[in-house]
Amino acid sequence: MELKELLRFDDIVIQCHDNPDADALASGYALKWYFEQNGKKARFIYRGRNEIKKSNLLIMLKELEIPVEYEPDFSEEPDLLITVDCQFGQKNVTETKAKTVAIIDHHQKVPSSTELYWIRSDLGSCATICWDMIREEGLNPNDNRLLATALYYGLYTDTNRLSEVSHPLDRDMMDSLMINKIVITSMVNSNISLEELAITGKAIVNYEYHESNKYLVIQSEACDPCILGVISDFALETEDVDVCVAFYESPYEVKFSVRSCTKEVHADELAAFIAEGFGGGGGGHMLKAGGSMQPDYLTKSARETIEERLVYYYDKYIVIYAKNTKLDTSKMKAYVKLPQTLGYIKLTDVFPVGTKINIRTLEGDVDTIIDEGKYLMIGVEGEIYPIMEDKLLRSYEPTNFVFTRQFEYEPNIKNLSTGEVKHVLQFAKTVRTLGSATVFAKPLEQPVKLFTAWTEDKYYSGDIGDYLTVRGDDEHDIYIVKGRLFDKFYKAR
Ligand SMILES: [Mn+2]
């Protein structure tokens, strides 16, 4: 859906959640600006019992001229109400009557009566959604430096000082916004009140340490979510602490932050595991992640829920280090790989030899230098990875058809010296897999974390029903194939 669909309305009210945070303020600001650029008037309000009083937000309101009004007793009934950074009907936003409701949010989607919604729960901030939608309409938020600064600060605060950013669209926004650094600095340095400083101290004193798996659980009073990041970052520096989960429980939500400094636990995976089934979600990357849950979904206290999930998480996996593992292939079945069509890109088609580039994909950013013989492969799931020409020719046969495929985020390459960005699919061609050797495989009966022979610092997770697979001609070439893909790739010998 597109923002311009909302231009058919005349009487428009934008409302963010009660007790607004920087992301909510930035998002509402962006939408109001969009409507004004299109000659429409819109009001931007927030409601609830409390007027904004946090000092960083007061600076934001003043210095960035956020056009928001506090309307606890709002009684008009606009043609269109847009709730931003929250979803109409939820507890954290006071209900405003309206003829039509639209929702723009990045939290986990809850059932609702409106069909006008844009919910991207994979993004770090609602500001990113608004920025992307406005850009799609051909406008540039950088035309208003104050707005650009607000959007940046929205993402900054919602991702724990950008440390939990994982989606490439969030990165694109970070890279492109022209911000006022002085205002950002002054907001960043008025982020914690003296009360919150005390909350931080109290929370840390009451840590729960689990020696067997070296993790800490720390409960804080309800506070600004950034405090959780501060607590978990700090606590992780403790000796013999590999993982830390800091959380708080309020009537509206449970928020938590996860930090890991051990290669056996990916913080983003653990965050998603903790939140699963509890009306929330998690996001981030291997070292830092965060998440939330909805109190309505919990049958026990947040503390008990999180403690239980952690115990289950550590029990659940067996860890395999492929480099020193020999699987007993007599208990596995033999298969051969079916021919597959994949994509590839010759990097010298994109930029000249010697160019320093950044490759941005859904899986993350990679910096490299273009040289003769370096290619990118596009795998069956759309995953992108570098490959050298000799390996490409050994395993695949070029068919040179134009590669067509839809991506949730279209991969692109940036020339790091000029800043020029090129989308890469226009350069992609196809290859077919050559007939291949036998593999042995069996469905997993227990989840595993597999460190392959090539990735010693990063594991791949396999769940029950996925296939543990090993090449017949290399006993250490062990990998995992998703259960739903196995029949597409392999047939029994
Ligand atoms: Mn938000």
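All values reported here derive from a predicted model rather than from experimental measurement. Note that ligands are numbered from 1 as they come in the structure, with each ligand's atoms numbered from 1 the same way.
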Notebook entry, point to check: Where the side chain of Ser292 meets the backbone of Gly280, is there a donor-acceptor pair that is under 3.5 Å apart?
Noted result: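 Not at all, since once roles are kept as given, no pair shorter than 3.5 Å links the two residues.
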
Lys/Arg N to Asp/Glu carboxylate O, Glu36 vs Lys41, below 4.0 Å: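 So Glu36 does not pair with Lys41 through a salt bridge.
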
Side-chain donor-acceptor pair under 3.5 Å between Glu269 and Ser461, yes or no?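 There is such a pair between these side chains.
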
message = Quick check: do Ser163 and Arg259 have side-chain heavy atoms less than 4.5 Å from each other?
response =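 Ser163 vs Arg259: side chains touch.
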
Can you tell me the N, O or S atom of [X] that's nearest the Mn ion (ligand 1)?
X: Asp23; answer: OD2
X: Asp158; answer: OD2
X: Asp85; answer: OD1

Assess His106: does it contribute an N, O or S atom lying under 2.8 Å from the Mn ion (ligand 1)?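 Within the cut-off used here (under 2.8 Å), His106 does place an N, O or S atom near the Mn ion (ligand 1).
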
